[in-house]
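This one's a predicted model, so the numbers in the text were calculated from it and none came from an experiment. Lettering follows sequence order; numbering is per chain, from 1. The basis for the numbers below is simple: all heavy atoms, side chains too, and nothing from hydrogens, waters or symmetry mates.
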Number of protein chains: 2
Amino acid sequence: MGLASETYLQGACEAECPVRRAAEVLEGKWTTLIVRELVSGVKRYSELQRALAGISPKILADRLALLQVKGLVVKTIYPCVPPKTEYELTPLGREMEKVIRAMAEFGLMLQAAGEATSARP
Amino acid sequence: MGLASETYLQGACEAECPVRRAAEVLEGKWTTLIVRELVSGVKRYSELQRALAGISPKILADRLALLQVKGLVVKTIYPCVPPKTEYELTPLGREMEKVIRAMAEFGLMLQAAGEATSARP
DNA sequence: CCGCATCCCTATTGATACTG
DNA sequence: CAGTATCAATAGGGATGCGG
């Protein structure tokens with residue numbers, strides 16, 4: 001890596017720009033956090049809801065449906081009672097892990113910077 | 001890298017979760033695309049507006065102001081006529097480049113996957 | 001002209017209650 | 001359990017205007 005990577009950031013941001021394509025998938029509040037949960041494996045709806053403190057059931061369902069339509073997540077329904085559904089990243093969806101990791105590293109830098117400024121007496 | 005990186009993706013997504021911290025900064029439509037433009041160097045307001053086809057002046061100004069408040073962008077005003085302002089990433093802001101690159105790589109995978117499915121005759 | 005600020009409208013998100 | 005229905009709040013977006 002690092003050879004052709006410069007070209008990602010050159011020129012205007014056209015419709016075919018890879019960053020724009022990725023942004024269209026990852027946009028929307030909670031989307032990246034939902035993906036973060038799924039990176040560590042298959043999850044049930046209720047597990048996601050509990051892990052993502054503060055998310056509303058509507059948004060969770062909406063985002064999962066969108067990710068499903070875009071081919072990044074698969075949903076499996078087990079016809080039993082009580083009902084049980086599982087969500088899992090597709091191979092294409094697992095490609096988002098790199099993005100999540102990069103975000104995590106940036107988040108750590110943010111935290112370090114924030115603590116440094118708030119620690120001034 | 002890769003040693004402690006696993007810990008980024010473990011456990012529930014608490015308020016201190018690095019991915020959540022990053023998401024709070026990068027959230028909002030256009031934000032990542034604005035950062036993408038600034039990664040390649042100092043840019044004027046009008047340059048950003050032209051490069052980001054379709055963005056409204058309000059959103060562009062709002063996003064830049066937010067990034068400024070969060071310490072990721074600095075704004076320089078040149079008191080001349082016609083007016084001229086320049087926007088530049090701070091050292092902390094430049095840490096977002098890794099995220100943008102990861103998104104770009106993911107965007108290429110999306111494109112490849114999309115072409116593969118649409119190419120079925 | 002450039003770089004926004006303002007007004008106003010639509011779309012997305014969110015809280016809550018309820019159902020198969 | 002796994003969502004949907006409903007309604008209120010907030011963010012996004014277009015048009016216009018204005019000071020420098």
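Between the CH2 atom of B/Trp30 and the P atom of D/dG12 there is a distance of 12 Å, given to the nearest Å. Per the geometry, CD1 belonging to A/Ile77 stands 12 Å off C1' belonging to D/dC1, to the nearest Å. Per the geometry, NZ belonging to A/Lys84 stands 12 Å off C1' belonging to D/dC1, to the nearest Å.
The backbone N or O of B/Lys29 lies less than 3.5 Å from a partner atom in the side chain of B/Arg63, making a donor-acceptor pair.
In plain terms, the two heavy atoms of B/Ala22 and A/Phe106 that are nearest each other are CB-CD2, 3.9 Å. Here the closest heavy-atom approach between residue A/Ala104 and residue B/Val19 is recorded as CB-CG2, 3.8 Å. Closest non-hydrogen pair, A/Thr32 versus B/Ala23, comes out as OG1-CB, 3.8 Å.
With axes fitted over five pairs at each extremity, the angle between the ends of the helix from C/dC1-D/dG20 to C/dG20-D/dC1 is 40° (10° resolution).
Cluster annotation: A/Leu89 and A/Leu66 are assigned to distinct hydrophobic clusters (Ile/Leu/Val/Met/Phe/Trp/Tyr, side-chain heavy-atom contacts under 4.5 Å, transitive).
If you walk DNA chain C from 5' to 3' and mark each nucleotide with an atom closer than 4.0 Å to a heavy atom of chain B, the marks span C/dC2 to C/dC7.
At a threshold of 4.5 Å between non-hydrogen side-chain atoms, the residues B/Thr31 and B/Leu67 count as touching.
Less than 4.0 Å separates DNA chain C from no heavy atom of any residue of residues 38-53 of chain A. Near DNA chain D, meaning a heavy atom under 4.0 Å from it, residues 54-74 of chain A has A/Pro57, A/Lys58, A/Ala61 in order of number.
Checked options A/Arg36, A/Lys43, A/Glu37; the residue passing with A/Ser40 is A/Lys43 (criterion: side-chain hydrogen bond (donor to acceptor under 3.5 Å, both in side chains)).
Distances shown here put every side-chain N or O of B/Lys29 at or beyond 4.0 Å from the OP1 or OP2 atom of D/dA11.
A/Tyr87 comes within 4.0 angstrom of the backbone, heavy atoms only, and of no base.
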I'd like a table of donor-acceptor pairs (distance under 3.5 Å, sequence neighbours excluded) in which one partner is a side-chain atom from residues 47-54 of chain B, with atom names and distances.
unit_1, atom_1, unit_2, atom_2, d
B/Glu47, OE1, B/Arg44, N, 2.8

Show which side-chain atoms of residues 69-88 of chain A pair as donor or acceptor with protein atoms under 3.5 Å away, not counting sequence neighbours.
unit_1, atom_1, unit_2, atom_2, d
A/Lys70, NZ, A/Glu24, O, 3.2
A/Tyr78, OH, A/Glu86, OE1, 3.1

Step-by-step side-chain contact (heavy atoms from CB on, under 4.5 Å) determination, A/Ile34 to A/Ile55: CA-CA 10 Å; A/Ile34 291 170; A/Ile55 197 173; 4.3 Å; yes
Apply salt bridge (charged side-chain N to carboxylate O under 4.0 Å, His left out) to A/Arg101 and A/Glu97, showing your working. CA-CA 6 Å; A/Arg101 284 182 186 279; A/Glu97 180 169 350; 2.7 Å; yes
Working for side-chain contact (heavy atoms from CB on, under 4.5 Å), residues B/Trp30 and A/Arg20: CA-CA 9 Å; B/Trp30 297 104; A/Arg20 180 172 281 210; 3.3 Å; yes
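Rounding to the nearest 0.5 Å gives a distance of 10.5 Å between CD of B/Gln68 and OG1 of B/Thr90.
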